[in-house]
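In what follows, a single structure is set out as C-alpha cells and then discussed.
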Amino acid sequence: MPELPEVETIARGLQNKVSGKTIQDIRVRYSKIFRDCCGQPYLEEERKQLIASLTGKTIKAVTRRAKYLLFDLGDILLVSHLRMTGRFSSDPEYVDKKHTHVVLTFTDGSVLSYNDTRKFGTIQIITCEEERLKTTMSRSGIEPLSDAFSADYLFDMLKQSKRNIKAFLLTQESIAGIGNIYADEILFFAAIDPKRRANSISEEEAIKLHRGIKEKLMMGIASGGASILTYVNESGDKGAFQELLQVYGKKGCHCQICNQKLLTETVAARTTTYCPYCQT
DNA sequence: ACTGATCCCTGCCAGC
DNA sequence: TGCTGGCAGGGATCAG
C-alpha cells in the first residue's frame with residue numbers, strides 16, 4: 001500500500017522511464033479507473049472523448065504531491081491515486097496480466113500499464129486549473145518533507161486538534177502522505193501512545209514527533225519503499241523498508257526496546273500496533 | 001470539530 | 001476438498 005515514500009519512489013522511476021515519451025495508443029479494459037476532478041466516473045461519451053484526446057500527447061514530467069502521482073501532459077494533467085493495490089509497470093509482460101486496466105503504448109514501442117487488483121485506484125483527467133482546484137489532491141495538507149514543515153509548525157497544528165494523534169497523522173488535509181504503516185512507525189519512534197489527543201502533545205514530544213515524521217519518511221524513500229502487500233516500483237522491484245519496520249504488522253511480537261509484547265487494537269478505524277510500555 | 005459507518009473491490013483465510 | 005462468509009485496507013463522503 002503506497003504511502004508518500006512509495007509514491008515518491010514510483011514517481012522518480014517513472015520520471016526516468018516515461019518522461020519525454022509520446023502516447024500513440026491507449027487501451028482501456030476497466031474504464032471506471034478514470035474519474036473527473038471530483039472523483040466521479042465519467043459518462044461514457046465524455047470519457048471516450050477525453051481518453052482519445054490523450055493520444056499524441058507527450059509526458060513532460062512525472063511528479064508526486066501527497067500520495068498522488070502527477071503526469072504532466074502539457075495542457076492535460078493526469079492525477080493518479082494508487083490506493084491499496086494500484087501499480088504502474090513498464091514491463092511488457094504486464095500488458096496482458098490479470099487486473100491490468102489501462103495500457104499506454106508510446107511511439108517508441110514501449111508501454112506503460114496500470115494494474116490494480118482491487119480497483120480502488122483512480123486516474124483523474126484534469127484539463128484546466130479550475131478543475132485541478134476541485135480535486136482532493138489540491139486540498140492535501142503540508143508536504144512533510146518540505147522545509148516549511150518545521151517542528152514549530154507541527155506543534156501549532158497539534159495544539160489546534162482534539163483528535164487522537166493517530167487520526168491526526170492519517171488526515172491528509174493536515175499532513176499529506178502519511179498512511180497506516182508510517183503512522184505506526186512514527187508514533188513508536190516518538191514514544192507516543194496512538195490514542196493520545198493531539199493537543200495533549202508537549203512541545204518536547206512534538207519535536208520528537210517531527211523528527212520521526214521526517215526520518216521515517218526519508219528512510220522509506222532511501223530504501224525504495226515498504227513492500228507489505230503487493231507494492232513494487234515501476235520496474236517490479238520490491239522496496240526494503242518492510243525489513244526495518246518496528247511495530248507495523250508485528251502483532252504478537254515483542255518490542256525491540258523493552259521486550260514487552262506489542263499491542264494491536266483499532267485506533268482511528270485502523271489496525272494499530274504499538275508498545276503500551278514505551279509509548280505513553 | 002470530530003467520530004463512526006459506509007462504500008469501493010478482490011484475495012485470502014477460517015470454519016463448516 | 002470445496003464452498004461461503006467475513007475481513008482487510010486508504011480515504012472520500014455522509015450522517016450524527
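Please read these numbers as outputs of a predicted model, since none were measured by experiment. In the text below, chain A, chain B and the rest are named by the order of the sequence lines, each starting its count at 1.
- Separating the CD atom of A/E6 from the C1' atom of C/dG10 is a distance of 13 Å, rounded to the nearest angstrom.
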Check: Which is it for A/D156 and A/K159 under the salt bridge (Lys or Arg N to Asp or Glu O under 4.0 Å) test, yes or no, and what are the steps along the way?
Finding: CA-CA 5 Å; A/D156 278 344; A/K159 279 187 284 193; 3.4 Å; yes
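- Between A/R35 atom CZ and C/dG10 atom C1' the separation is 14 Å, expressed in whole Å.
- Of the options A/K195, A/Q279, A/K250, a side chain to side chain donor-acceptor pair (under 3.5 Å) to A/Y274 is made by A/K195 and by none of the others.
- Comparing atom distances between the A/R139 side chain and each of C/dT13, C/dG11, C/dG9 picks out C/dT13 as nearest.
- Side chain of A/R163, nearest nucleotide from B/dC2, B/dT10, C/dG9: B/dC2.
- A donor and an acceptor atom sit less than 3.5 Å apart, one in the side chain of A/R270 and one in the base of C/dG11.
- Counted by atom type alone, A/Q246 and A/K216 present one or more donor-acceptor pairs between their side chains at under 3.5 Å.
- Among the nucleotides C/dG11, B/dC2, C/dG9, the one closest to the side chain of A/Q172 is C/dG11.
- Nucleic acid contact class of A/Y68 (heavy atoms, under 4.0 Å, all strands): sugar-phosphate only.
- Both A/A269 and A/K119 lie near DNA chain B, and the one whose nearest nucleotide falls closer to the 5' end is A/A269.
- Mapping A/T136 and A/F120 onto DNA chain C via the closest heavy atom, the residue that lands nearer the 5' end is A/F120.
- In the set B/dC2, C/dG10, B/dT10, C/dG10 carries the atom at the smallest distance from any side-chain atom of A/H81.
- Side-chain to base pairing of A/R118 with B/dG11: no donor and acceptor N or O lie closer than 3.5 Å to each other.
- Note on A/E3: nothing from the nucleic acid sits closer than 4.0 angstrom, heavy atoms only.
- Residue contacts for A/D116: at a heavy-atom cut-off of 4.0 Å it reaches no nucleic acid atom on any strand shown.
- In this structure, A/K32 reaches the B/dC9 phosphate: one of its side-chain N or O atoms is under 4.0 Å from OP1 or OP2.
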